[in-house]
Amino acid sequence: KRVFLFGWWIAASVYYFSLPLLSGYFPALFKIKLIGVINFGYLFILSQFAVAIFVAMYYTKVANRDFDRLTVELVKELQ
């Protein structure tokens, strides 16, 4: 469980901190218009919400499948 959580934490943190780093060092990148008046900056910010939702849903799936089963086995063993 620790390896799973630590790996996703590192990936999410790198993605999260790339926003201020990229916007600070490459501000022209965030001014590129992609769809009408929507630029790269807006899509990048919105993608962070999508990534957060994906990570939460994926964790829930894995936790229900693996971690909950391991918890039940540990509780039975301790009793």
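Bear in mind the structure is a predicted one, so any value in this text is a computation, not a measurement.
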For this session: Assess whether side-chain contact (heavy atoms from CB on, under 4.5 Å) is satisfied between Phe54 and Phe49, documenting all intermediate values.
Result: CA-CA 9 Å; Phe54 167 76; Phe49 288 105; over 6 Å; no
Which atom pairs, one a donor and one an acceptor, fall under 3.5 Å between side chains of residues 12-22 and the rest of the protein, sequence neighbours left out?
| residue | atom | partner | partner atom | Å |
| --- | --- | --- | --- | --- |
| Ser13 | OG | Trp9 | O | 2.9 |
| Tyr15 | OH | Ser47 | OG | 2.4 |
| Ser18 | OG | Tyr15 | O | 2.6 |

Exercise. About how many Å separate NZ of Lys61 and CG of Asp66, when rounded to the nearest 0.5 Å?
Worked result: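 If I round to the nearest 0.5 Å, the distance is 10.5 Å.
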Pair up each side-chain donor or acceptor in residues 24-41 with any protein partner under 3.5 Å, not counting sequence neighbours, and list the distances.
| residue | atom | partner | partner atom | Å |
| --- | --- | --- | --- | --- |
| Asn39 | OD1 | Gly41 | N | 3.2 |
| Asn39 | OD1 | Tyr42 | N | 3.0 |
| Asn39 | ND2 | Phe30 | O | 3.2 |

